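Keep in mind that what you see is a predicted model, and the values were worked out from it rather than measured.
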Amino acid sequence: EDPRPRGVPTSRKPVGAFRFRAQAVLLATGGIGANLDLVRRFWPERVGPPPGRLLSGVPDHVDGQGLLLAQQAGARLVNLDRMWHYPEGVENHTPLWTHHGIRILPGPSPLWVDATGRRLPPPLFPGFDALETLRYLRGTGFDWSWFVLDLRTLKREFALSGSEQNPDLTGRSWPLVLKNRLLGPAAPVKAFLTRGKDFLLAEDLSELMRRMDALAPGVLDPSRLEREVKARDRELLNPFAKDAQVLAVHAFRRYLGDRLFRVAKPAPLLKGRGPLVAVRLWTLTRKTLGGIQTDLKGRALTPSGAPLEGLFAAGEAAGFGGGAFHGYKALEGTFLGGCLFTGLRAAQGVLEGLE
Ligand SMILES: Cc1cc2nc3c(=O)[nH]c(=O)nc-3n(C[C@H](O)[C@H](O)[C@H](O)COP(=O)(O)OP(=O)(O)OC[C@H]3O[C@@H](n4cnc5c(N)ncnc54)[C@H](O)[C@@H]3O)c2cc1C
């Protein structure tokens, strides 16, 4: 019952300013990724202990309040320890929300080492398996890891996740998309190179390692990192290399699109192809795969399994439909589809209930 005159846009006034009687409520309030306390509380044990420092990869409104509301109303929350976080987060130099982190969408070439300089084991290469890499890194006892690469590789291979980081795509500018891919890096990547706290540039490896050590004193073992760099450089020069990452890079480059736009020509780091870069990476929260348990009509269920009258849920709030549609280790990019689909089913469920 909206007492206001007709024609007043509802968004102009907070909901509390007028009374209404809902026949159905559909909660689509998102997950818990910005509520770092909740993330830590439900942190999946199988991944190891939660990091001391977490970056938030989602806006502040993804605070889990909708889930708690639903629970208070009698709904059952399930699979809260199913979350999808990324190990390739960097602190945003211009934060739009609290603890704002940006995920690097890396190409396959950077050398990925833990905080001490030890290379990650195969197949934990950049962009390969986020959850498994997260599990491995949680076992190292440190909250961060490093990408080590040269500037030319960074220019070709680094992209950043988030609409504000991709003005070429969001602005639908094909000339800019082509320019960024061919000449790179895009302006947002350049901004991180100059302003990102965790981006270090140096002319040679010794200087780079000095700078890495200055950022986290006493943790990096320089001789270890030097050995790792030399060992991989040897493999890059070997036409019969068996190094799994080197093989993968060559395989990517057999596809013309990747060779032109995405995967840099492999080159040893110590061969002097230009400045070297180290990027310190943190865990970045992102997706919530557990939440309000629903049936296939989007009806919230009580702990007994019976529908809770009048309450529906969709999207991340419903754990993508009760525990992740595409599985716990779903393919990248398949999350939004589950949100939209559960939204459709829940809306149909609401309408059925009103008939
Ligand atoms: C940077 C980034 C990149 C991503 N990339 C991909 C990708 O490539 N592919 C993919 O599949 N997924 C991706 N995702 C994930 C995907 O965007 C989310 O899973 C999806 O948007 C969740 O949709 P949702 O409607 O459930 O929740 P949200 O999009 O979080 O929407 C929740 C809405 O509820 C509102 N709300 C919250 N609390 C309240 C309240 N108490 N009262 C009123 N309103 C409230 C919020 O303002 C918001 O509008 C990405 C996410 C981010 C942040």
Q. Going through the checks in order, is the side chain to side chain contact (heavy atoms under 4.5 Å, CB included) test met by Thr94 and Glu164?
A. CA-CA 11 Å; Thr94 315; Glu164 79 285 353; over 6 Å; no

Roughly how far, to the nearest 0.5 Å, is the [atom2] atom of [Y] from the [atom1] atom of [X]?
X	Y	atom1	atom2	answer
Lys271	Asp233	NZ	CG	10.0 Å
Leu260	Tyr255	CG	OH	9.5 Å
Glu352	Gln348	CD	CD	7.5 Å
Thr29	Leu67	OG1	CG	6.0 Å
Thr302	Leu311	OG1	CG	11.0 Å
Leu131	Arg82	CG	CZ	11.5 Å

Side-chain donor-acceptor pairs under 3.5 Å in residues 277-284, sequence neighbours left out?
| residue | atom | partner | partner atom | Å |
| --- | --- | --- | --- | --- |
| Arg280 | NE | Asp198 | OD1 | 3.3 |
| Trp282 | NE1 | Asp198 | OD2 | 3.1 |

Q. What's the shortest heavy-atom distance between Ser109 and Val263, and which atoms?
A. OG-CG1, 4.2 Å

Q. Shortest non-hydrogen contact from Val219 to Ala115?
A. CG1-O, 3.6 Å

**Q.** salt bridge (charged side-chain N to carboxylate O under 4.0 Å, His left out) between Glu228 and Arg232, worked out
**A.** CA-CA 6 Å; Glu228 298 284 14; Arg232 201 184 66 150; over 6 Å; no

Would you call [X] and [Y] a side-chain contact if the rule is heavy atoms closer than 4.5 Å?
X	Y	answer
Phe147	Glu88	yes
Leu220	Met209	yes
Leu276	Leu269	yes
Gln245	Pro126	yes
Val39	His85	yes
Arg253	Pro266	yes
Thr194	Lys190	no
Ile104	Tyr86	no

Can a salt bridge be assigned to the pair [X] and [Y] using a cut-off of 4.0 Å between side-chain N and carboxylate O?
X	Y	result
Asp143	Arg138	yes
Arg46	Asp81	yes
Arg262	Asp258	no
Asp168	Lys179	no

Q: Using side chain to side chain contact (heavy atoms under 4.5 Å, CB included) as the criterion, point out the one residue from Tyr136, Phe128, Phe125 that pairs with Leu120.
A: Tyr136

(Q) Tell me which one of Val47, Leu55, Leu54 satisfies side chain to side chain contact (heavy atoms under 4.5 Å, CB included) with Pro51. (A) Leu54

Q.
List the residues meeting side chain to side chain donor-acceptor pair (under 3.5 Å) with Asn238, not counting sequence neighbours, and say none if there are none.
A. none

Does atom [atom1] of [X] have more than 12 heavy-atom neighbours, drawn from other residues, nucleotides or ligands, at distances under 6.0 Å?
X	atom1	value
Arg195	CZ	yes
Glu309	CD	no
Leu344	CG	yes

**Q.** Flag for Thr140-Arg118: side-chain donor and acceptor within less than 3.5 Å
**A.** no

Q: Would you please say whether a donor-acceptor pair under 3.5 Å links the side chains of Asp114 and Thr116?
A: yes

Q | Donor-acceptor pair, side chain of Asp60 and main chain of Thr98, under 3.5 angstrom | A | yes

(Q) Pair Thr294, Arg345 - check side-chain hydrogen bond (donor to acceptor under 3.5 Å, both in side chains), show working. (A) CA-CA 11 Å; Thr294 68; Arg345 292 306 303 251; over 6 Å; no

Q: Under the side chain to side chain contact (heavy atoms under 4.5 Å, CB included) rule, what do Thr288 and Val58 come out as? Steps first, then yes or no, please.
A: CA-CA 11 Å; Thr288 306; Val58 290; over 6 Å; no

Q | Among Arg273, Lys265, Lys155, salt bridge (charged side-chain N to carboxylate O under 4.0 Å, His left out) partner for Asp150 | A | Arg273

